[in-house]
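Structure, as structure tokens:
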There are 2 protein chains.
Amino acid sequence: MAVSIKDVAARVGVSPGTVSHVLNGNKEARIALATQDRVRRIAAEMGYRPNRLARSLGRGRTDTIGLLISGLRNPFFVDVLESAEALALEAGYEVMLDAAPSAHGTYQGHGKLRDWAVDGVLMWAVSSQSLERVLGTQAAQTTPVVYIGAVRKDDTDWVSFDLYDGGRQATEHLVSRGYRRIAYVSPYAFGEDRHEEPRHLAYKGVCAAAGLKPEFVLLHGEETRAAGLAAGRALAARPASERPDAVFCHNDVIAVGVYCGVRRAGLRVPEDIAIVGFDGVEEAQYLEVPLTTVRTPVDALCRHALNILSRRLNGEAPPPREQALIATELIIGSST
Amino acid sequence: MAVSIKDVAARVGVSPGTVSHVLNGNKEARIALATQDRVRRIAAEMGYRPNRLARSLGRGRTDTIGLLISGLRNPFFVDVLESAEALALEAGYEVMLDAAPSAHGTYQGHGKLRDWAVDGVLMWAVSSQSLERVLGTQAAQTTPVVYIGAVRKDDTDWVSFDLYDGGRQATEHLVSRGYRRIAYVSPYAFGEDRHEEPRHLAYKGVCAAAGLKPEFVLLHGEETRAAGLAAGRALAARPASERPDAVFCHNDVIAVGVYCGVRRAGLRVPEDIAIVGFDGVEEAQYLEVPLTTVRTPVDALCRHALNILSRRLNGEAPPPREQALIATELIIGSST
DNA sequence: CGGTTTTGCACAAACGCTTGTGCATGAGAT
DNA sequence: ATCTCATGCACAAGCGTTTGTGCAAAACCG
């Protein structure tokens with residue numbers, strides 16, 4: 001159907017192999033410059049584009065990297081996707097998205113990444129065990145993976161934001177503004193699997209240093225606006241004396257929900273209650289008061305992660321695993 | 001590397017062809033039931049999954065459909081993507097996303113869909129000429145395409161929301177609530193290419209019928225929160241006597257921006273100015289006042305479009321083109 | 001002008017799978 | 001016991017590339 005390498009070869013009067021050599025710039029196969037020109041010209045004229053299925057099959061690589069994230073309903077991940085896609089493209093890779101349908105919540109890959117044989121994977125903060133569910137036992141061992149978005153203790157390549165420092169900045173900011181009852185709104189119960197969450201730790205640390213009593217407000221359910229709203233409502237329903245005067249939200253989407261909840265309950269932000277988010281998504285800048293938040297530079301993270309990954313793919317990276325922490329930045333809005 | 005069909009065949013003690021026949025349920029090739037069982041059992045044991053590159057190359061189809069949309073920064077398109085992905089999966093297709101990076105605005109495909117030889121395409125409201133830029137002249141002619149999201153005049157398959165009726169409902173709602181100065185906030189100048197935009201038409205029609213003077217507020221730039229905010233600010237800056245008492249926004253993202261703009265300027269919603277959006281994205285339900293909007297049932301649209309597309313792919317659809325309009329539904333929030 | 005090197009390209013195997021053809025073997029019929 | 005048929009599977013070509021080997025012709029050397 002489409003024009004194949006054979007068509008081009010026939011038209012030029014050479015063999016398909018020759019066309020391939022020319023188009024791939026193979027220096028070993030010395031092709032006369034005149035021939036090269038003709039091949040390139042005719043290929044362009046005919047609008048030839050190599051079939052990537054065949055190409056990938058032949059070369060044993062797809063020039064595609066998988067991006068595994070937990071769902072695009074959080075606009076933060078849209079940023080991640082767009083950033084990764086743009087940067088990957090520059091490096092000559094395509095991105096294949098594998099996101100959990102937000103509806104179902106927990107990720108249940110159907111093996112997309114495995115079946116299409118991606119060369120490598122950028123994996124958002126999913127436990128390494130689920131890597132196997134995604135790639136299969138075999139590929140999980142041989143496919144280079146760079147974890148992103150979480151600090152890890154194990155021997156893997158990863159790039160994360162400096163979540164601890166971000167949490168510190170956020171909490172110290174609240175402390176320095178004079179807030180005394182600062183709560184943390186989190187999807188994770190403290191003391192559970194995720195008890196080492198750096199933001200949690202930083203929050204607790206700063207509270208302790210300031211002589212404040214930490215309070216964790218546990219979200220019921222997912223990290224959604226709805227859950228945030230419920231939490232906000234619940235906070236607002238407390239008598240003023242028992243209500244935090246500031247909350248640090250695990251991320252911006254939650255913060256948006258909390259904001260909505262407390263506002264609908266008639267509280268003023270920041271007069272009655274201050275709110276700090278985390279991530280720096282665009283949406284949170286369109287509340288009546290721009291949200292104070294901790295910006296996580298997605299571009300820098302993706303760039304770093306892709307850098308590591310592509311070096312692994314090219315076999316340029318020697319065994320030692322690479323880890324990196326990307327600095328975060330406090331964005332002071334008007335919600336504090 | 002990964003376990004191939006040969007490995008399975010060797011282990012079972014049959015030829016690769018036999019394994020293929022069994023696994024694909026080929027009735028023509030009568031394989032003894034006992035053999036079938038062994039093949040299936042061993043294949044499962046070994047964790048065999050056919051390499052989709054090879055499979056697609058062999059069969060001449062990828063079981064993948066392309067989804068072409070203009071960017072995920074508008075959460076509406078996240079809904080479209082998730083819906084399409086879930087429904088496609090049910091029908092045995094994978095979805096390959098091709099979205100314009102929001103940053104660049106205008107779409108500039110790098111031929112992803114063409115190179116990977118998708119079987120068909122779901123295309124959001126992009127002009128048919130740009131189809132060629134996406135698929136190439138050749139594939140553009142042979143690849144089934146179903147356009148979604150816009151009413152078309154040409155002879156193509158398409159599924160759209162009933163935008164006219166949606167616009168009518170929104171405007172009539174405002175009229176019936178007693179608003180007399182109703183403006184339309186739009187990214188398109190009236191009288192331009194898009195002057196037939198059904199929402200525009202409906203708005204104008206309803207205004208005329210009610211004896212109201214239509215006013216188009218033109219957005220400067222893209223369909224973003226930022227542009228909406230600027231428009232909102234500008235409206236709020238007008239003296240009360242020259243200010244609309246209600247605005248119908250082209251979509252929810254714009255409405256969110258407008259809301260933010262007028263609120264920051266001190267106006268109350270809906271007392272000073274009412275706002276209606278379009279699309280029904282989740283985000284817009286988390287303003288202090290839930291946004292009145294026109295819900296466009298994304299799932300129904302995707303289902304219908306995929307239905308048409310898969311029938312075309314299976315050659316089940318006779319020549320007559322299919323078009324469909326999906327009904328919309330007014331969601332009355334508190335912004336009116 | 002014979003011999004050596006270089007140049008330029010054709011050739012073919014391989015990637016992993018699908019699918020139609022063909023050939024044994026065994027069962028059934030006479 | 002022979003013939004016919006159905007059964008069960010192996011076989012091989014093909015999908016569109018890539019890539020290493022090999023061989024002819026042309027260029028160089030003395």
Side-chain angles (χ1 to χ4, degrees), chain A residues 1-40 42-43 46-64 114-119 136 138-139, chain B residues 1-40 42-43 46-64 114-119 136 138-139:
Chain A
M1 202 93 328
V3 27
S4 81
I5 202 171
K6 274 190 209 160
D7 302 329
V8 176
R11 191 83 180 290
V12 177
V14 297
S15 78
T18 301
V19 174
S20 177
H21 282 129
V22 171
L23 263 28
N24 290 315
N26 186 339
K27 298 300 279 178
E28 308 306 309
R30 308 131 307 185
I31 309 290
L33 267 67
T35 310
Q36 294 196 25
D37 286 347
R38 285 176 46 234
V39 167
R40 273 190 261 270
I42 295 192
M46 300 179 72
Y48 169 69
R49 305 210 60 178
N51 179 322
R52 289 196 73 160
L53 297 169
R55 166 179 259 248
S56 298
L57 189 58
R59 316 184 89 172
R61 58 198 177 85
T62 50
D63 294 318
T64 296
R114 187 220 309 226
D115 295 347
W116 287 109
V118 296
D119 294 343
Q138 338 240 351
Chain B
M1 202 90 331
V3 27
S4 81
I5 201 170
K6 273 192 211 160
D7 302 329
V8 177
R11 190 83 181 289
V12 177
V14 296
S15 78
T18 301
V19 174
S20 177
H21 283 129
V22 171
L23 262 28
N24 290 314
N26 186 340
K27 297 300 277 179
E28 307 306 309
R30 307 131 309 186
I31 309 291
L33 268 66
T35 309
Q36 294 197 26
D37 285 348
R38 284 177 46 234
V39 167
R40 272 189 261 270
I42 295 193
M46 299 179 73
Y48 169 69
R49 305 209 60 177
N51 179 324
R52 288 196 73 159
L53 297 169
R55 166 179 259 248
S56 298
L57 189 58
R59 316 184 89 172
R61 58 198 179 84
T62 50
D63 294 318
T64 296
R114 187 219 309 224
D115 296 347
W116 286 108
V118 296
D119 294 343
Q138 338 240 355

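Here is the naming used below: chain letters follow the sequence lines, and residue numbers restart at 1 for every chain. Small disclaimer: the values here were computed from a predicted structure and weren't measured.
Close to D:dT18, at under 4.0 Å from its OP1 or OP2, lies a side-chain N or O of A:N24. Taking side-chain N and O atoms only, A:T18 has no distance below 4.0 Å to OP1 or OP2 of C:dC9.
Note: CZ (A:R55) to C1' (D:dC15) measures 17 Å, nearest angstrom. In this structure, B:I31 places its CD1 atom 14 Å from P of C:dT19, rounding to the nearest Å. The distance between atom CG of A:L57 and atom C1' of C:dA14, rounded to the nearest whole Å, is 9 Å. The distance from atom CG of A:D7 to atom C1' of D:dG16 is 10 Å, rounded to the nearest whole Å. Put simply, CG on B:D115 is 11 Å from P on D:dT17, counting in whole angstrom units. In this entry the distance linking NZ of A:K27 with P of D:dT19 reads 16 Å, nearest Å. When the C1' atom of D:dC9 is taken as reference, atom CD1 of B:I5 falls 14 Å away, rounded to whole Å.
For the side-chain contact (heavy atoms from CB on, under 4.5 Å) with B:S56, the qualifying choice from B:D119, B:T64, B:T62 is B:T62, the only one to do so.
Within 4.0 Å (heavy atoms only), B:S4 reaches sugar-phosphate atoms of the nucleic acid but no base atom. Looking at heavy-atom distances under 4.0 Å, A:T35 makes contact with sugar-phosphate atoms alone, never a base. Within 4.0 Å of A:N26, counting heavy atoms only, lies no atom of the nucleic acid at all. Within the nucleic acid shown, A:G17 comes within 4.0 Å of at least one base atom, counting heavy atoms only.
For B:R30 against D:dG8, a side-chain N or O and a base N or O form a donor-acceptor pair under 3.5 Å.
Checking C:dA10, D:dT17, C:dG20 against every side-chain atom of B:H21, the shortest atom distance belongs to C:dG20.
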